[in-house]
Amino acid sequence: MLVTLGVSKGDRVAGFLPRVPETVAIMLGTWKIGAVYVPIFTGFGADAVAFRVKASGARVLCTHHEYRDRVPPLATETTVVTIGAHPGSGDVDFDSALEGQRDRRASVPCRRDDPAVLLYTSGSTGPPKGVKIATNFPLAIHPYVTLGLDLRLDDVFWPTGDPGWGYGLICYALALALGIPLVFHEAAPSPEFALGRIADLGVTNLATTPTLLRGIMALGERAVRARPIRLRCVGSCGEPLNAEVVTFFREQWGVTVMDHYGSSELGLPIGNFNAIDMEVKPGSVGRPLPGCTAAIVDDEGHEVAADVVGHVGVQPHPEGYYSL
């Protein structure tokens, strides 16, 4: 379908998409033809969507009909593909565009350092910047998946993050690449819903946020312990994880929530790792991932003494930012 719309190797395909099966199909189709996927968070408004589409030079924007009203008028060279589009909208209807297409297509060869993802930062420090993520990112992130998440073939894995951000996208892609069963729920889960699904679906490995964990914690000990669960690993990312949350789930579930630190530019180089026998200090972000070197440095990049505030410095360094 993307090839029919004129997408070829190196072109950008933006995805303003929720957690639906079509999102996975669009990501995999983009990568298979050597194009570059540009994830866009569904919480963004029209201005943020327009910025990322224009800055990336996306040839195609794929969206969902529930989010279509947040897509602003775009340049004529950008085709909008909508899942569940209504007739007369002027968009390409996703289901209709798939009809009659070949069901198999040979992958386009890529170099390991060709970009596969163009992930825009949140813009917390200046305008959002496009971070180039190379085609070999499944191999590059594999140490985190195996050591940080301790993801195993017999797991039932639920990453609750949005595929518009790096953490959600990486978790989905890596679980699929490894053939691990993946829980995929369209709406952002409430604490009550999450607790029920963890029990009902036999989730064994959970990758989530401190916000959701605090919400589950607020339901109280009785609710949290009311149903049997199979969780053996819980990872947390996206914001600081306070010690009270770690202590609570140790007592209620017998599982230590492992805090992981990362950024759009760096992936997830620091954390407390499920697969490593390590002492976890509640409230601490942990240690560098094996294969990474991390330190607190000053403005010139020199390591500072203990208890001195500075910047997080990590090697190896990222690929760099993208510009048209």
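In summary, the side chains of T256 and R250 do present a donor paired with an acceptor at a separation below 3.5 Å, with no hydrogens or angles considered. For the 3.5 Å distance criterion, the side chains of T135 and D114 fail to qualify, holding no donor opposite an acceptor. Under 3.5 Å, the side chains of H311 and D299 contain a donor-acceptor pair of N or O atoms. Residues T211 and E239 have side chains that bring a donor and an acceptor to within less than 3.5 angstrom of each other.
Within 6.0 Å of CZ on R230 lie no more than 12 heavy atoms contributed by other residues, nucleotides or ligands. Counted within 6.0 Å of NZ on K9, heavy atoms from surrounding residues, nucleotides or ligands total more than 12; the atom is thus considered enclosed.
Ring orientation note: the planes of F41 and W165 are tilted relative to one another, at an angle of 30° to 60°. Ring orientation note: the planes of H64 and Y67 are nearly perpendicular, at an angle over 60° on the 30°/60° scale.
Within the cation-pi definition used here (under 6.0 Å to the ring centroid, within 45° of the axis), R197 qualifies as a partner of F193.
The two residues P18 and T23 come nearest to each other via the heavy atoms O-OG1, 2.7 Å. Considering all non-hydrogen atoms of both residues, N205 and L231 come closest at N-CD2, 3.9 Å. Annotation for P269 and V314: closest pair CB-CG1, 4.0 Å, computed over non-hydrogen atoms. Here the closest non-hydrogen pair linking T146 and A275 is O-CB, 3.3 Å.
Using a 4.5 Å cut-off on side-chain heavy atoms (C-beta onward), V24 and L176 make contact. The closest side-chain heavy-atom distance from V81 to D91 is not below 4.5 Å. Taking 4.5 Å as the limit, some side-chain heavy atom of L206 sits within range of a side-chain heavy atom of T160. Under the 4.5 Å side-chain criterion, counting only non-hydrogen atoms from C-beta, F16 is not in contact with R52.
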(request) Begin with the C-alpha distance, continue with both residues' side-chain angles, and end with the deciding distance and a verdict on salt bridge (Lys or Arg N to Asp or Glu O under 4.0 Å) for D113 and R111. (result) CA-CA 5 Å; D113 54 356; R111 292 174 53 87; 3.2 Å; yes
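Remark: the backbone N or O of D93 is not paired with any side-chain donor or acceptor of S96 at under 3.5 angstrom.
Taken from CD1 in I270 to CG in L289, the straight-line distance is 9.5 Å, to the nearest 0.5 Å.
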